Amino acid sequence: MLAAGQGTRMKSATPKVLHEIAGIPMIGHVLATAHSLKPSKVAVVLRHEKEQIENYVLAHFPKTEVVTQDEIPGTGRAAEQALEALGDFDGDVLILSGDVPLLDVESISQLVQNHQELGSQGSLISVVLDNPNGYGRILRVKNSELQGIVEQKDASAAQLEITEVNAGVYVFDAKALRSALTKVGMDNAQGEKYLTDVVGLMLASGQKVHAQQILDPYLVAGVNDRAQLGEIATELNARIVRAWQLAGVTIQEPHSTWIDVTVQLGQDVTLLPSTRLHGLTRVGVGAAIGPDTTLRDVEVGENAKISRTQGDSARVLDGATVGPFAYLRPGTELGADGKIGAFVETKNAKIGRGAKVPHLSYVGDATIGEGANIGAGTIFANYDGVNKHRTEVGPHARTGSGNVFVAPVSIGAGAYTAAGSTIRRNVEPGALALNPSPQKNMAGWVLEQRPGSASAKAASEITE
Ligand code: UD1
Ligand code: CA
């Protein structure tokens with residue numbers, strides 16, 4: 001796989017092949033495809049931003065050999081050095097580009113199969129594009145017999161009119177490629193050693209090279225700039241959405257629904273508009289997500305419902321409901337049939353089966369027992385300015401509205417707390433905790449202190 005280019009057109013501090021589509025870097029898509037073909041070896045050629053790319057490659061695909069390209073530029077040099085790394089290997093070599101991420105196993109297998117059946121020394125994939133701009137053009141004699149490839153920057157006006165382009169994907173007999181590459185020069189518009197030149201050279205020396213046209217341009221679309229990145233990401237997403245629809249998922253608005261390739265969805269899941277599912281998110285059978293919900297690495301149980309929510313590294317078990325307007329931070333676990341309601345933020349919070357935090361609360365570093373109910377507007381004060389502490393709420397406890405639980409503190413099983421309480425001391429099971437200071441009403445205060453105000457007027461009309 002060739003991935004040593006600079007990627008200048010991306011104008012980015014991130015190496016081109018590490019830009020993500022559908023949740024994984026472009027090069028990750030290509031490596032996954034390459035490894036799933038089970039070749040005897042996968043080698044990746046790197047140079048620019050080598051360290052960053054290598055870290056990703058070896059972390060995710062440890063059985064990959066990294067080859068470093070020297071200062072001689074061009075895809076031909078990259079291929080040559082990859083070949084060196086294969087030693088005296090003399091079978092068929094598949095060449096892929098790190099910036100052609102959607103190419104599928106099926107198209108590659110077809111290419112390899114035809115290559116072997118035709119007994120070719122070289123085979124490549126071509127495609128006819130409405131707008132061939134930027135790609136190498138396929139040269140044929142009288143529109144038929146393959147003659148070679150000319151790069152855009154080296155093409156004559158007449159050659160630029162050609163709409164059949166080189167996809168940058170090839171199979172070569174290793175020996176034939178090795179010897180052709182020794183004949184490739186650098187006398188061209190970019191001063192590079194072009195891999196594409198071997199096609200003409202091999203044909204001229206009587207070897208058999210065929211170009212296999214494929215019909216779906218997206219499979220071979222190359223990414224050189226952010227516009228192409230956006231286009232490809234959109235198209236891949238459309239295909240992922242469609243595949244899930246065909247697998248039994250209802251997706252109301254495909255264009256506003258984004259699903260990473262790494263996400264898993266059960267049957268009869270419903271995704272409402274503007275839902276984005278990322279990373280290792282898994283959604284159980286019959287669950288409904290959205291609208292306006294973004295989940296990353298969230299596990300959603302069967303028949304759970306999550307609306308207008310942002311969630312990260314959380315678990316929502318079967319039948320539970322979340323939202324609208326909830327924020328699930330890492331370490332949240334909502335038990336089966338539990339509820340996290342409107343305007344609730346949770347973090348490191350284990351909320352038991354059937355327990356409810358229905359309204360306007362912050363639940364941080366807490367364990368809430370089965371069937372407990374947390375009153376509206378409750379804050380779990382977990383931070384003393386230096387350390388974080390936990391709060392435990394026992395099963396079937398009922399806490400009043402507007403409580404502050406000053407951690408570390410525990411509220412026993414079945415205990416109650418009164419509205420407006422600040423709970424600083426543990427509450428025994430079954431107790432009622434209340435600590436409001438006695439309320440004092442100062443009669444006539446408004447008429448005395450705010451004479452002539454609308455309040456005073458309203459008050460005097462009632463008292464008269
Ligand atoms: C290349 C092809 C072009 C084809 C297009 C398809 C050549 C000369 N041209 O053009 O015919 O239509 O792909 O997408 O091959 N790379 C290296 N080392 C280098 C230069 C590039 O490894 O010295 C890698 C790049 O990282 C990239 C791939 O090779 O993954 C293609 O290079 P790029 O510069 O993008 O070539 P294109 O101009 O797109
Ligand atoms: Ca390219």
Side-chain angles (χ1 to χ4, degrees), residues 1-10 12 15-19 25-31 34 43-50 52-54 57 66-83 85 95-103 122 124-129 131-139 146 148-155 159-160 162-170 172 177 180-181 184-201 211 213-214 217-229 231-232:
M1 184 192 313
L2 313 184
Q6 208 167 349
T8 0
R9 290 166 277 181
M10 292 298 279
S12 176
K16 170 162 85 173
V17 294
L18 291 187
H19 279 262
M26 277 198 265
I27 196 171
H29 289 273
V30 187
L31 280 165
V44 175
V45 189
L46 300 178
R47 176 175 170 82
H48 288 280
E49 319 267 12
K50 177 185 169 209
Q52 245 192 80
I53 304 173
E54 184 172 17
V57 170
V66 173
V67 177
T68 307
Q69 188 173 344
D70 61 18
E71 62 291 337
I72 300 171
T75 48
R77 182 61 180 161
E80 192 165 44
Q81 295 200 279
L83 271 180
I95 300 183
L96 302 170
S97 284
D99 66 347
V100 180
L102 300 192
L103 190 65
L124 58 101
I125 293 183
S126 73
V127 65
V128 174
L129 298 180
N131 175 11
N133 195 38
Y135 289 90
R137 308 295 204 278
I138 302 292
L139 305 177
L146 183 64
I149 300 173
V150 63
E151 288 305 292
Q152 160 113 5
K153 288 186 176 143
D154 301 287
Q159 288 169 333
L160 288 176
I162 298 170
T163 54
E164 185 184 6
V165 305
N166 169 31
V169 178
Y170 322 78
F172 288 107
L177 177 60
L181 278 168
V184 174
M186 293 172 58
D187 183 15
N188 53 52
Q190 303 186 81
E192 292 183 358
K193 189 161 183 168
Y194 291 161
L195 175 57
T196 44
D197 283 356
V198 303
V199 174
L201 287 165
Q213 268 192 27
I214 70 164
Y218 276 102
L219 294 181
V220 292
V223 174
N224 297 311
D225 58 37
R226 309 258 190 143
Q228 289 168 327
L229 180 73
E231 243 174 74
I232 275 200

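Note that the structure is predicted; figures quoted are calculated from it, not measured. Both counts, for ligands and for their atoms, begin at 1 and track the order of listing.
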Asks: Answer whether the closest heavy-atom distance between the side chains of L129 and V127 falls below 4.5 Å.
Replies: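 Heavy-atom side-chain distance check passes, below 4.5 Å.
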Asks: Please list, in number order, the atoms of ligand 1 under 4.0 Å from a heavy atom of A167.
Replies: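 Result: 6 (C), 14 (O).
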Asks: Starting from the C-alpha separation in whole Å, work towards a yes-or-no answer on salt bridge (Lys or Arg N to Asp or Glu O under 4.0 Å) for R137 and E164.
Replies: CA-CA 6 Å; R137 308 295 204 278; E164 185 184 6; over 6 Å; no
Asks: Using a strict 4.0 Å cut-off to heavy atoms of P73, name the atoms of ligand 1 that fall inside it.
Replies: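 Taking each heavy atom of P73 in turn, ligand 1 has 23 (O) under 4.0 Å.
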Asks: Is there a heavy atom of V165 sitting under 4.0 angstrom from any atom of ligand 1?
Replies: no
Asks: Can you tell which of D99, L195, V169 gets a heavy atom nearest to atom 35 (O) of ligand 1?
Replies: D99
Asks: Check each atom of ligand 1 against the heavy atoms of G136 and keep those under 4.0 Å away; list them by number with element.
Replies: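 The list of qualifying atoms is 3 (C), 4 (C), 11 (O), 12 (O).
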Asks: Within the 4.0 Å heavy-atom shell around N224, which atoms of ligand 1 are there?
Replies: 35 (O), 39 (O)
Asks: Taking all non-hydrogen atoms of both residues into account, name the closest pair between I72 and M186 and its distance.
Replies: CG2-SD, 3.8 Å
Asks: Where's the contact between A4 and ligand 1, heavy-atom distance under 4.0 Å: side chain, backbone, both or neither?
Replies: both
Asks: Starting from the C-alpha separation in whole Å, work towards a yes-or-no answer on side-chain contact (heavy atoms from CB on, under 4.5 Å) for V57 and L31.
Replies: CA-CA 8 Å; V57 170; L31 280 165; 3.8 Å; yes
Asks: How far is atom 30 (O) of ligand 1 from its nearest protein heavy atom, and which residue and atom is that?
Replies: L2 O, 2.7 Å
Asks: Where do I162 and I138 come nearest, in terms of heavy atoms and distance?
Replies: CG2-O, 3.5 Å
Asks: For S126 and Q213, which I'm curious about, is there any donor-acceptor pair between the side chains at under 3.5 Å?
Replies: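 Result is no, nothing qualifies.
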Asks: Could you tell me the separation between the CG atom of L146 and the CG atom of L124, rounded to the nearest 0.5 Å?
Replies: 6.5 Å
Asks: When you compare the side chain of T8 with that of N224, does any pair of heavy atoms fall below 4.5 Å?
Replies: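 N224 does not reach T8 side chain to side chain.
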Asks: Considering the heavy atoms of G74, write down every atom of ligand 1 situated less than 4.0 Å from one of them.
Replies: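 It comes down to these atoms of ligand 1: 18 (N), 19 (C), 20 (C), 23 (O).
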Asks: With atoms numbered from 1 as shown, which atoms in ligand 1 lie under 4.0 angstrom from a non-hydrogen atom of Q69?
Replies: 17 (C), 18 (N), 19 (C), 22 (O), 23 (O)
Asks: Among protein heavy atoms, which sits nearest to atom 5 (C) of ligand 1, and what does the distance come to when rounded to 0.1 Å?
Replies: N166 O, 4.0 Å
Asks: To which of T75, I53, T8 does the heavy atom nearest atom 15 (O) of ligand 1 belong?
Replies: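 Closest candidate by heavy-atom distance is T75.
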Asks: For atom 9 (N) of ligand 1, what's the nearest protein heavy atom and its distance?
Replies: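 Going by distance alone, atom 9 (N) of ligand 1 is nearest to E151 OE1, 2.9 Å.
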Asks: N/O to N/O below 3.5 Å, does that happen between G5 and ligand 1?
Replies: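 In this structure, G5 places an N or O atom under 3.5 Å from an N or O of ligand 1.
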Asks: So which N/O/S atom does D99 have closest to the Ca ion (ligand 2)?
Replies: OD2
Asks: Check whether any N, O or S atom of S97, backbone or side chain, sits closer than 3.0 Å to the Ca ion (ligand 2).
Replies: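 It does not: S97 brings no N, O or S atom closer than 3.0 Å to the Ca ion (ligand 2).
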Asks: If you measure only the distance, is there a donor-acceptor pair under 3.5 Å linking the side chains of E151 and N188?
Replies: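 Their side chains do not contain a donor-acceptor pair, so the 3.5 Å distance test is not met.
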Asks: Can you figure out which of K153, Q190, R9 has its heavy atom closest to atom 38 (O) of ligand 1?
Replies: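 That would be R9.
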Asks: What's the spacing between I53 CD1 and R47 CZ if we round to 0.5 Å?
Replies: 12.5 Å
Asks: So which heavy atom on L2 is nearest to which on A79, and how close?
Replies: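 It is CD2-N, 4.0 Å.
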Asks: Out of all atoms in ligand 1, which are within 4.0 Å of some heavy atom of K16? Include the element for each.
Replies: 35 (O)
Asks: How far is atom 13 (O) of ligand 1 from its nearest protein heavy atom, and which residue and atom name does that atom have?
Replies: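 The closest heavy atom on the protein side is G168 CA, 4.6 Å.
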Asks: Using a strict 4.0 Å cut-off to heavy atoms of Y194, name the atoms of ligand 1 that fall inside it.
Replies: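 Selected atoms, number and element: 8 (C).
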Asks: Under 3.5 Å, is there a donor-acceptor pair linking the side chains of R77 and Q69?
Replies: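 No, Q69 and R77 have no side-chain donor paired with an acceptor closer than 3.5 Å.
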Asks: Can you pull out the closest protein heavy atom to atom 28 (C) of ligand 1? Residue, atom name and distance to 0.1 Å, please.
Replies: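 So the nearest neighbour among protein heavy atoms is S97 OG, 3.6 Å.
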Asks: Taking the side chain as everything from C-beta on, heavy atoms only, tell me whether T75 gets closer than 4.5 Å to Y170.
Replies: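 No, too far: nothing below the 4.5 Å cut-off.
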Asks: Please verify whether a non-hydrogen atom of Q152 lies at under 4.0 Å from ligand 1.
Replies: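 The answer is no, since Q152 has no heavy atom less than 4.0 Å from ligand 1.
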